[in-house]
Q: 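Pasting a structure below so you can have a look.
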There are 2 protein chains.
Amino acid sequence: MKDFITQLNPAFDHRNRLGIMSILVVNDWVEYNTLKELLNLTDGNLASHLKALESSEYIRVHKQFVGRKPQTTYGVTDKGKEAFKAHLDTLEAILTIAREGEDS
Amino acid sequence: MKDFITQLNPAFDHRNRLGIMSILVVNDWVEYNTLKELLNLTDGNLASHLKALESSEYIRVHKQFVGRKPQTTYGVTDKGKEAFKAHLDTLEAILTIAREGEDS
DNA sequence: GCCTTAACTTTGCCCCACAAAGTTCTTTTA
DNA sequence: TAAAAGAACTTTGTGGGGCAAAGTTAAGGC
């Protein structure tokens with residue numbers, strides 16, 4: 001059990017970063033404002049989580065103009081995909097253990 | 001997605017409390033020292049997590065003497081079992097969503 | 001009579017999540 | 001052309017909480 005718990009990646013070990021990653025791994029490029037709405041976060045809060053994930057090189061940023069408006073989109077990197085998958089595997093292992101005693 | 005994230009129970013939304021609960025739901029009564037070793041926690045740290053879970057009425061304490069040594073054991077309550085199951089269900093739902101884009 | 005063990009509690013630190021407000025750039029709108 | 005507004009941050013400040021370490025209490029062993 002200790003092993004599983006310590007295998008959880010601290011970078012993803014928070015509900016909001018779990019949410020960010022879950023969205024990014026299934027959508028190629030997601031806009032800043034979309035993330036903000038989907039996760040119900042304030043600007044500062046979202047930006048800090050994104051920055052943390054970006055400096056770990058788990059996500060990357062793409063800035064462009066759509067029409068004449070700036071648009072920032074975020075996507076997961078290969079490294080991020082891999083690390084997040086490992087995190088999910090660990091979570092799943094814990095889930096399995098924790099379900100062992102279920103009545104159903 | 002927002003809904004799933006907010007459905008995560010804050011009381012369990014931490015690796016160590018996830019660990020504590022995972023152990024307690026599959027074992028009827030677990031000793032304080034066993035938890036400490038299984039989770040690799042210091043006294044103060046473990047005690048504070050246990051107290052948090054206890055005041056939420058998710059776990060309960062049983063104190064007795066074995067031979068002449070005091071022994072404290074912890075067990076999950078029905079309320080805790082239910083709440084934790086809901087938490088796991090939510091986690092599983094997030095896992096499923098996050099796995100949708102997987103290559104395999 | 002001291003040392004040890006169990007099981008805490010207390011103390012104090014430090015980091016971090018978070019909200020709110022300020023910032024920059026640019027585009028609408030009046 | 002001035003003002004407002006939106007995108008995407010950055011900065012600032014506060015509060016909470018995780019954590020280790022040390023202190024505490026009560027009992028037992030030696």
Side-chain angles (χ1 to χ4, degrees), chain A residues 1-2 5-24 27 29-56 58-75 87, chain B residues 1-2 5-24 27 29-56 58-75 87:
Chain A
M1 169 55 60
K2 171 169 58 177
I5 296 291
T6 57
Q7 273 171 31
L8 288 173
N9 191 330
F12 305 134
D13 198 10
H14 185 275
R15 51 169 62 196
N16 287 332
R17 284 197 289 267
L18 182 66
I20 291 172
M21 291 302 292
S22 298
I23 292 171
L24 293 188
N27 299 101
W29 290 99
V30 182
E31 290 173 42
Y32 175 89
N33 275 314
T34 305
L35 285 174
K36 202 174 108 184
E37 282 155 27
L38 284 178
L39 294 166
N40 224 31
L41 299 178
T42 57
D43 281 321
N45 197 4
L46 173 58
S48 69
H49 287 303
L50 289 173
K51 190 145 79 169
L53 290 171
E54 197 192 343
S55 51
S56 302
Y58 290 149
I59 66 174
R60 72 190 134 179
V61 190
H62 188 219
K63 288 165 188 287
Q64 62 179 339
F65 277 81
V66 172
R68 286 155 179 158
K69 283 186 183 175
Q71 189 194 54
T72 307
T73 53
Y74 292 87
H87 184 77
Chain B
M1 168 56 58
K2 172 169 54 178
I5 296 292
T6 57
Q7 273 170 32
L8 288 172
N9 191 331
F12 305 135
D13 198 12
H14 185 275
R15 52 170 61 196
N16 287 331
R17 284 196 290 267
L18 182 66
I20 290 172
M21 290 302 293
S22 298
I23 292 171
L24 293 188
N27 299 100
W29 289 100
V30 182
E31 291 174 42
Y32 175 89
N33 276 315
T34 305
L35 285 173
K36 201 173 111 183
E37 282 156 28
L38 283 178
L39 293 166
N40 224 32
L41 298 178
T42 57
D43 281 321
N45 196 4
L46 173 59
S48 70
H49 287 303
L50 289 173
K51 190 145 80 169
L53 291 171
E54 196 191 345
S55 50
S56 301
Y58 291 148
I59 66 175
R60 72 190 133 179
V61 190
H62 188 219
K63 287 165 188 288
Q64 62 179 339
F65 277 81
V66 172
R68 288 156 178 157
K69 282 187 182 175
Q71 187 194 57
T72 307
T73 52
Y74 293 87
H87 184 80

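Lettering of chains follows the sequences in order, A, B, ..., and the numbering in each one begins at 1. No hydrogens, no waters, no symmetry mates; every other heavy atom, side chains included, goes into these values.
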Q: What's the spacing between Asn45(B) CG and Leu39(B) CG if we round to 0.5 Å?
A: 10.0 Å
Q: What is the distance, rounded to the nearest whole Å, between atom CG of Leu50(B) and atom P of dA6(C)?
A: 16 Å
Q: How long is the straight-line distance from CG of Asn16(A) back to OG of Ser22(A), given to the nearest 0.5 Å?
A: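 One gets 11.0 Å once the value is rounded to the nearest 0.5 Å.
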Q: Using 0.5 Å steps for rounding, measure from the CG atom of Leu18(A) to the NE2 atom of His49(A).
A: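 Reported value, rounded in 0.5 Å steps: 11.5 Å.
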Q: How does each nucleotide of nucleotides 16-29 of chain C score, in 5' to 3' order, for protein heavy atoms under 4.0 Å: base (B), sugar-phosphate only (S), or none (-)?
A: -SSBB-----SS--
Q: Measuring to OP1 and OP2 of dG6(D), would you say a side-chain N or O of Asn33(A) lies under 4.0 angstrom away?
A: no
Q: Out of curiosity, Phe12(B) CZ to Ile20(B) CD1, how far, rounded to the nearest 0.5 Å?
A: 10.5 Å
Q: Taking atom CG of Leu35(B) and atom CG of Leu50(B), what is their separation to the nearest 0.5 Å?
A: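 Spacing of CG (Leu35(B)) from CG (Leu50(B)) equals 6.0 Å.
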Q: Whole angstroms only, please: what is the NE2-C1' distance between His62(A) and dA7(D)?
A: 16 Å
Q: Can you list every salt bridge (Lys or Arg N to Asp or Glu O under 4.0 Å) pair that touches residues 42-55 of chain B, not counting sequence neighbours?
A: Lys36(B)-Asp43(B)
Q: For Lys36(B) and dC19(D), give me the distance from atom NZ to atom C1', rounded to whole Å.
A: 14 Å
Q: Specify the separation, in whole Å, of atom CG of Asp13(A) and atom C1' of dC19(D).
A: 15 Å
Q: Could you tell me the separation between the CD atom of Glu31(A) and the P atom of dC9(D), rounded to a whole number of Å?
A: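 Rounded to whole Å, this separation is 12 Å.
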Q: Check whether any side-chain nitrogen or oxygen of Thr72(B) sits under 4.0 Å from OP1 or OP2 of dA6(C), and answer yes or no.
A: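 Checking dA6(C) against Thr72(B), no side-chain N or O comes under 4.0 Å of OP1 or OP2.
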Q: Going by the salt bridge (Lys or Arg N to Asp or Glu O under 4.0 Å) test, which pairs reach into residues 6-24 of chain B, not counting sequence neighbours?
A: Asp13(A)-Arg15(B), Arg15(A)-Asp13(B)
Q: Return the nearest nucleotide to the side chain of Lys51(A); candidates are dT10(D), dT9(C), dC8(C).
A: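 For the Lys51(A) side chain, the nearest candidate turns out to be dT10(D).
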Q: Does Lys63(A) have a side-chain nitrogen or oxygen under 4.0 Å from the phosphate oxygens OP1 or OP2 of dC9(D)?
A: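 Indeed, a polar side-chain atom of Lys63(A) lies that close.
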Q: Find the distance Gln64(A):CD to dA8(D):C1' and express it as a whole number of Å.
A: 14 Å
Q: Is there a side-chain contact between Tyr74(B) and the phosphate of dC8(C), meaning an N or O under 4.0 Å from OP1 or OP2?
A: yes
